[in-house]
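We name chains A, B, ... by the order of the sequence lines, and we start the count at 1 in each one.
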Protein chains: 2
Amino acid sequence: MPELKTEPSRKSQIFTVSCEMIRNNGYQGTSMRDIAAALQIEAASLYNHISSKEDILRETCFGMADKFLTAIAEVNDIYFNAEEKLGMAVRNHVRILTENMDSSWVFIHEWRNLTGSKKIEFIALRDRYENEFMQILENGESEGLFNDVNNKFATLTILSSLNWVVEWYRPNGAMSPNQISEKLTEFILSGLKK
Amino acid sequence: MPELKTEPSRKSQIFTVSCEMIRNNGYQGTSMRDIAAALQIEAASLYNHISSKEDILRETCFGMADKFLTAIAEVNDIYFNAEEKLGMAVRNHVRILTENMDSSWVFIHEWRNLTGSKKIEFIALRDRYENEFMQILENGESEGLFNDVNNKFATLTILSSLNWVVEWYRPNGAMSPNQISEKLTEFILSGLKK
DNA sequence: CCTACCGATCGGTAGG
DNA sequence: CCTACCGATCGGTAGG
């Protein structure tokens with residue numbers, strides 16, 4: 001019988017292994033030789049699949065930014081009220097985070113190691129996400145649902161609580177991603193609703 | 001006239017400059033030569049004041065842990081109700097954070113670069129702080145002031161919001177440390193109070 | 001606080 | 001995917 005389940009490509013193996021190691025030891029603490037050793041090949045061989053170490057960081061950070069931005073755009077395009085939108089945004093955020101623990105960690109913490117224009121581009125994407133999220137709070141205010149708060153401040157505080165999930169979430173822990181989202185939404189709404 | 005204002009010791013200059021550079025470029029991205037250059041001395045000269053690069057990290061992380069633990073112990077020793085205690089704990093936390101921006105950043109993010117038993121010791125101190133903080137939530141519950149929530153979960157979420165302050169606080173920004181504390185306390189209490 | 005230096009390791013390339 | 005190697009840089013020491 002033919003083998004139907006195809007192996008992940010070497011390139012994607014490199015990304016998976018790299019993100020795991022970067023999460024544990026930091027971007028600068030993870031050498032190309034470390035990554036190669038984990039895949040049982042020589043460091044030089046990595047360059048047949050990627051062109052530099054920063055490639056790994058770049059593709060991971062921008063790939064995750066894309067996931068988050070696509071999800072929030074979907075929420076903001078739908079005709080729901082702000083309370084419903086907030087719940088959806090939180091659920092999406094926590095889902096993406098828990099489905100991609102290692103690359104999310106890289107996205108949240110290691111983007112600082114990007115260099116030059118890529119770093120600037122990345123910051124722009126992150127700011128865009130924050131603004132899309134803040135849009136929900138502004139909607140809630142104009143809909144008369146939410147209190148008049150400093151929306152920038154509130155958004156950053158909310159996102160910090162969400163991002164912290166990646167630090168302590170364990171797939172086999174007591175709370176499922178949906179339970180976490182529910183509790184967080186509840187907590188956030190209690191601070192926002194009139 | 002004699003010069004009355006004494007210069008900070010070389011050792012403390014090393015710590016100040018190091019924390020600033022580590023915040024900007026990470027622990028592994030900051031070399032002894034970088035630090036020396038900022039002080040306009042040679043790398044070898046640093047070793048007259050400190051015995052290793054990890055010394056800087058170690059003293060900073062444990063020094064900050066001490067500040068946070070002393071502050072929370074003071075709050076928990078006083079005979080106030082949980083709502084008052086929470087406000088005090090938040091104010092102390094934000095004050096320590098904003099008064100020591102760079103070393104707080106190192107405390108929050110770079111402790112991962114500690115090695116061996118020092119890393120284990122550090123984690124124990126951090127856990128102790130989390131538990132002391134959680135104690136306030138438990139008090140509030142038994143006093144009948146706070147809702148019955150998952151206290152561990154709530155504590156981590158609250159601390160994440162507080163720690164995020166170090167990412168965006170600017171001494172000349174729109175909000176003072178006390179205003180930040182007030183808003184955060186308000187936000188947190190709305191999620192906890194019955 | 002400096003000069004001079006150590007062995008180790010880094011990201012990456014040439015050439016097969 | 002490998003061998004062999006490059007120049008650069010690392011934390012740290014000896015000795016003054």
**OP:** Write down the distance between OH (Y47(B)) and P (dC6(C)), rounded to a whole number of angstrom.
**Re:** 17 Å

**OP:** To the nearest Å, give me how far apart CD (E42(A)) and C1' (dT13(C)) are.
**Re:** 15 Å

**OP:** For I35(B) and dC1(C), give me the distance from atom CD1 to atom P, rounded to whole Å.
**Re:** 15 Å

Original post:
OP1 or OP2 of dC1(D) sitting under 4.0 Å from any side-chain N/O of R10(A)?
Top reply: yes

**OP:** Give a yes or no on whether R128(A) atom CZ has more than 12 heavy-atom contacts from other residues, nucleotides or ligands under 6.0 Å away.
**Re:** no

Original post:
Quick one: M21(B) CE to dG11(D) P, roughly how many Å, whole number?
Top reply: 11 Å

Original post:
Rounded to the nearest Å, what distance is computed from the CG atom of residue D34(B) to the P atom of nucleotide dA8(D)?
Top reply: 17 Å

Subject >> Whether over 12 other heavy atoms sit under 6.0 Å from E74(A) CD >> reply: no

Original post:
Which base, if any, makes a Watson-Crick or G-U wobble pair with dG16(D), both distances under 3.5 Å?
Top reply: dC1(C)

Subject >> Rounded distance (Å) that lies between atom P of dC1(D) and atom CD of Q40(A) >> reply: 12 Å

Original post:
To the nearest Å, how far apart are I14(A) CD1 and dC1(D) C1'?
Top reply: 11 Å

Subject >> DNA chain C: 5'-proximal contact among N48(A) and A44(A) (nearest heavy atom) >> reply: A44(A)

Original post:
Does the side chain of N76(A) reach to within under 4.5 Å of the side chain of K85(A), using non-hydrogen atoms?
Top reply: yes

Subject >> Option from L125(A), I123(A), V106(A), L57(A) for which side-chain contact (heavy atoms from CB on, under 4.5 Å) with W111(A) holds >> reply: I123(A)

Original post:
Does atom NZ of K67(B) have more than 12 heavy-atom neighbours from other groups under 6.0 Å away?
Top reply: no

Original post:
Considering only side-chain heavy atoms of R33(B), which listed nucleotide, dC1(C), dG11(C), dC5(C), is closest?
Top reply: dC5(C)

**OP:** Rounded off to whole Å, could you give me the CE-to-C1' distance for the M32(A) and dC2(D) pair?
**Re:** 16 Å

Original post:
dT9(D) phosphate, OP1 or OP2: any side-chain N/O from S31(B) under 4.0 angstrom?
Top reply: no

Subject >> G-U wobble or Watson-Crick pairing nucleotide for dC6(D) (cut-off 3.5 Å, both distances) >> reply: dG11(C)

